[in-house]
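Written below as structure tokens is the structure these notes are about.
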There are 2 protein chains.
Amino acid sequence: MADRKSRSPTIIDIAAAAGVSKSTAARALSNAPNVAEASRKRVLEIAEAYGYERNHLARSLRSGRTGMIGLVIPDLANPFWAEVARGAQDEAARRGASLLVFSSDWNADREAQHLRALRQARVDGAIINPVADGSDDIHRAGLPMVLIGSSAERFAQLSSVGSNIAQGVAIGLNRLAEFGHLQPALLLGPPNRLARVRFQRVVHDHCVARGIDPATLPVEEGDYTVESGRRAMIRLIGRAEQPVRCVFAANDLMALGAILALRDLGLRCPQDVSVLGFDGIPAGAYAAPGLTTVAKPARAIGTEGMALLTEAIDGTLDHRRVLLDCHFVERGSLARPDHAGLPPEMRNDHAA
Amino acid sequence: MADRKSRSPTIIDIAAAAGVSKSTAARALSNAPNVAEASRKRVLEIAEAYGYERNHLARSLRSGRTGMIGLVIPDLANPFWAEVARGAQDEAARRGASLLVFSSDWNADREAQHLRALRQARVDGAIINPVADGSDDIHRAGLPMVLIGSSAERFAQLSSVGSNIAQGVAIGLNRLAEFGHLQPALLLGPPNRLARVRFQRVVHDHCVARGIDPATLPVEEGDYTVESGRRAMIRLIGRAEQPVRCVFAANDLMALGAILALRDLGLRCPQDVSVLGFDGIPAGAYAAPGLTTVAKPARAIGTEGMALLTEAIDGTLDHRRVLLDCHFVERGSLARPDHAGLPPEMRNDHAA
DNA sequence: CTTCATTTTGGGAACGTTACCAGAGAGTAT
DNA sequence: ATACTCTCTGGTAACGTTCCCAAAATGAAG
């Protein structure tokens with residue numbers, strides 16, 4: 001009896017079957033007030049029996065709200081961003097919304113294209129990791145939005161959620177100090193890139209705060225890939241000045257590269273050289289030794305971004321910039337220096 | 001001039017401004033035939049100037065097509081499924097569709113809930129990795145769908161896309177044979193699980209086809225986690241009967257565990273023991289040695305699933321079951337047995 | 001029994017688009 | 001000039017809701 005016309009029943013069918021007007025049926029189904037208990041019960045029973053399902057399209061067209069949220073990230077297949085997406089999706093589901101996901105591949109054109117698609121789909125709002133330099137495309141979007149990730153810094157006037165790099169670096173350096181490593185070498189990203197500048201600046205500030213001369217830290221650079229980390233580590237070890245006992249890498253992939261390099265060079269990690277990463281990617285757990293790292297709150301960035309966006313949609317959000325704390329993940333690539341394994345000329349006795 | 005009423009312009013505004021009826025404007029904007037070139041040009045110019053954007057909601061309500069596709073996978077944060085999602089998303093974008101993503105967490109209730117959301121959002125179709133045992137929820141969905149992944153086997157009557165396990169195992173065993181490993185030990189998943197049964201059956205068949213007695217292959221089992229793989233490898237080495245020179249694991253995580261175990265046991269990989277994985281997760285690249293593995297065509301499953309779904313939506317798809325080939329990824333955990341490094345009692349000279 | 005307040009109901013008008021059909025021109029052949 | 005075909009156009013009716021307002025029913029108080 002449910003589908004006489006092989007067409008899914010509309011609210012009009014339900015109203016007719018329940019012997020009420022579509023207005024009353026609508027009220028009953030959206031459990032609004034001012035509908036007699038008897039009518040409501042009637043309508044709900046009929047709807048249940050007919051397998052009625054509200055047409056969300058019509059509802060949206062009328063009310064202007066779609067219950068859909070757009071998410072634009074650089075790459076859904078990247079573990080970090082996948083984790084962010086998962087967080088956003090969980091929170092969206094909790095709030096009864098659905099998530100439209102797009103990957104920009106760090107490409108401004110594609111980003112603009114996705115933004116257009118979002119607007120056309122009439123999403124209620126969007127969470128975006130902006131790629132475009134010119135802020136035009138982002139602002140022009142004309143819908144409630146929350147930015148995520150570090151590139152959000154370029155758009156100071158928009159609310160955003162990111163990880164607290166300063167706090168993360170602080171944890172890292174503190175833990176390194178506890179292990180006796182006061183002057184870790186740094187593996188940074190390519191120069192001129194925002195991420196590198198920020199990481200380096202934060203390390204610098206923290207060193208100053210701890211009374212360490214930042215200029216004494218050896219620095220090498222890579223491009224955030226494993227291979228570049230491997231080569232940077234080799235260069236670092238090759239330096240004559242000072243034996244390297246500890247490396248703090250700006251991301252996990254380079255840290256993994258460093259661990260590989262140490263193995264190739266016949267040095268033990270962590271006994272000879274400690275390695276600390278920054279990111280918290282799952283792959284770090286499978287290295288040997290497991291990569292100790294400062295993990296960014298990827299999933300929380302997604303959930304918090306969605307929470308903020310909800311406020312933005314409701315209009316209750318005044319500008320806010322949320323920085324979520326990183327946390328330390330101990331896995332075994334950090335140790336007190338073990339001088340026994342090193343030839344005398346490589347020993348370094350300044351550690352506490 | 002674009003937004004006199006601070007409201008986005010509708011097709012009626014455009015039509016009025018262009019001095020034509022909304023019918024003509026609609027035809028021009030959806031570049032339909034039977035509209036004078038002059039009118040079309042006029043309308044398009046005005047639309048451009050006003051920043052007009054078609055309301056996809058209204059369009060969908062009328063036409064019955066939303067241009068949205070649902071994707072339900074177990075976990076968006078899982079690298080394999082993230083890769084599948086990425087493939088689906090790319091193909092969707094290529095076809096001008098948008099992707100609604102949901103994670104079921106291998107939970108039938110959540111899956112049912114997501115399917116309901118999809119129906120309510122009036123998606124044109126869905127790509128699903130089914131979790132529910134009872135086929136009811138899936139069939140009841142009542143929208144065009146394509147299943148992906150191995151669990152699709154349970155729903156023989158629906159079209160599906162999966163990886164060709166048989167072919168993948170064949171490549172793996174062939175390559176192992178080329179390295180002189182004719183009787184690899186097997187690291188399987190938990191008994192009774194579909195995935196294990198299938199993997200084991202395929203290995204069995206291929207051994208028979210190659211003239212090897214399947215019963216001679218040592219077998220251990222784990223639960224697809226790294227730790228279980230580590231323990232299984234230790235048990236394997238501990239077996240008295242026969243020295244193990246090669247392990248074929250049913251997934252990459254267990255293979256990574258095996259590599260960790262070998263290091264702990266003081267055995268060299270690959271010189272003493274070769275390890276072959278199955279999956280192709282990115283983390284395998286960062287192990288030492290890099291994990292050689294048979295990679296499933298994750299991204300292709302997504303793209304092909306979307307391609308099939310498009311046909312299903314158009315009604316041009318008759319039942320099909322697509323199996324996509326796996327490919328071999330050489331990374332360094334495979335080698336010819338190097339007897340020199342082993343104590344005499346562990347040597348095993350039957351290899352070619 | 002009236003009056004008034006309150007709850008409940010129904011009828012229409014949106015929302016912005018596309019589908020359909022009939023009519024208006026324009027051009028060509030009889 | 002008439003008839004006919006063609007291309008183009010405009011009006012109207014959907015699509016399935018929700019929102020608004022007025023009408024009807026109910027109940028309480030005078």
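Please read these numbers as outputs of a predicted model, since none were measured by experiment. No hydrogens, no waters, no symmetry mates; every other heavy atom, side chains included, goes into these values. Naming convention: chains lettered A, B, ... in sequence-line order (proteins, then strands); numbering from 1 in each chain.
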Got a second to check how far [X]'s [atom1] is from [Y]'s [atom2], nearest 0.5 Å?
X	Y	atom1	atom2	value
B:Ile69	A:Leu100	CD1	CG	11.0 Å
B:Ser98	B:His56	OG	NE2	7.0 Å
B:Ile127	B:Leu99	CD1	CG	7.0 Å
B:Arg110	B:Asp105	CZ	CG	4.5 Å

In terms of side-chain heavy atoms, does [X] have a donor or acceptor partner in [Y] at a distance below 3.5 Å?
X	Y	answer
A:Ser159	A:Arg320	no
A:Ser103	B:Gln89	yes
B:Arg122	B:Thr66	no
A:Ser151	A:Asn129	yes

ask   = Is any side-chain heavy atom of B:Arg27 less than 4.5 Å from a side-chain heavy atom of B:Leu29?
value =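 A side-chain contact under 4.5 Å is absent here.
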request  = Only counting residues at least two apart or in another chain, list the ones meeting salt bridge (charged side-chain N to carboxylate O under 4.0 Å, His left out) with B:Arg193.
outcome  =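 B:Arg193 satisfies salt bridge (charged side-chain N to carboxylate O under 4.0 Å, His left out) with no other residue.
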query = Considering residues at least two apart in sequence or located in another chain, which fulfil the salt bridge (charged side-chain N to carboxylate O under 4.0 Å, His left out) criterion with A:Glu48?
reply =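 Residues passing salt bridge (charged side-chain N to carboxylate O under 4.0 Å, His left out) with A:Glu48: none at all.
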task = Round to the nearest Å and state the distance from A:Lys22 atom NZ to D:dC20 atom P.
result =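 After rounding, the gap between these two atoms is 15 Å.
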Whole angstrom value for the distance that separates C1' of D:dG11 from CD1 of B:Ile12 =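 About 12 Å, once rounded to whole Å.
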ask   = Using the C1' atoms of five pairs at each end, what's the angle between the two axes of the helix from C:dC1-D:dG30 to C:dT30-D:dA1, to 10 degrees?
value =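 Roughly 60°, once rounded to the nearest ten degrees.
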task = Please list, in 5' to 3' order, the outermost nucleotides of DNA chain C lying under 4.0 Å from any heavy atom of chain A.
result =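 Contact span on the strand: C:dT8 to C:dG16.
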message = Heavy atoms within less than 4.0 Å of DNA chain D: which residues of residues 30-46 of chain B have one? Give them sorted by number.
response =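 Contacting residues: B:Asn34, B:Val35, B:Ala36, B:Ser39.
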query = side chain to side chain contact (heavy atoms under 4.5 Å, CB included) with A:Val123: which of A:Leu143, A:Leu71, A:Ile313?
reply =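 Passing option: A:Leu143.
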hbond_proxy B:Ser23 side chain to D:dG11 base (donor-acceptor, 3.5 Å cutoff) =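 Side chain to base: pair present.
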ask   = Ion pair present between A:Arg65 and A:Asp314, side-chain N to carboxylate O less than 4.0 angstrom?
value =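 Result for this pair is yes, salt bridge flagged.
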Those residues of residues 52-69 of chain A lying under 4.0 Å from DNA chain C by at least one heavy atom =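 Contacts with DNA chain C under 4.0 Å: A:Leu61, A:Arg62.
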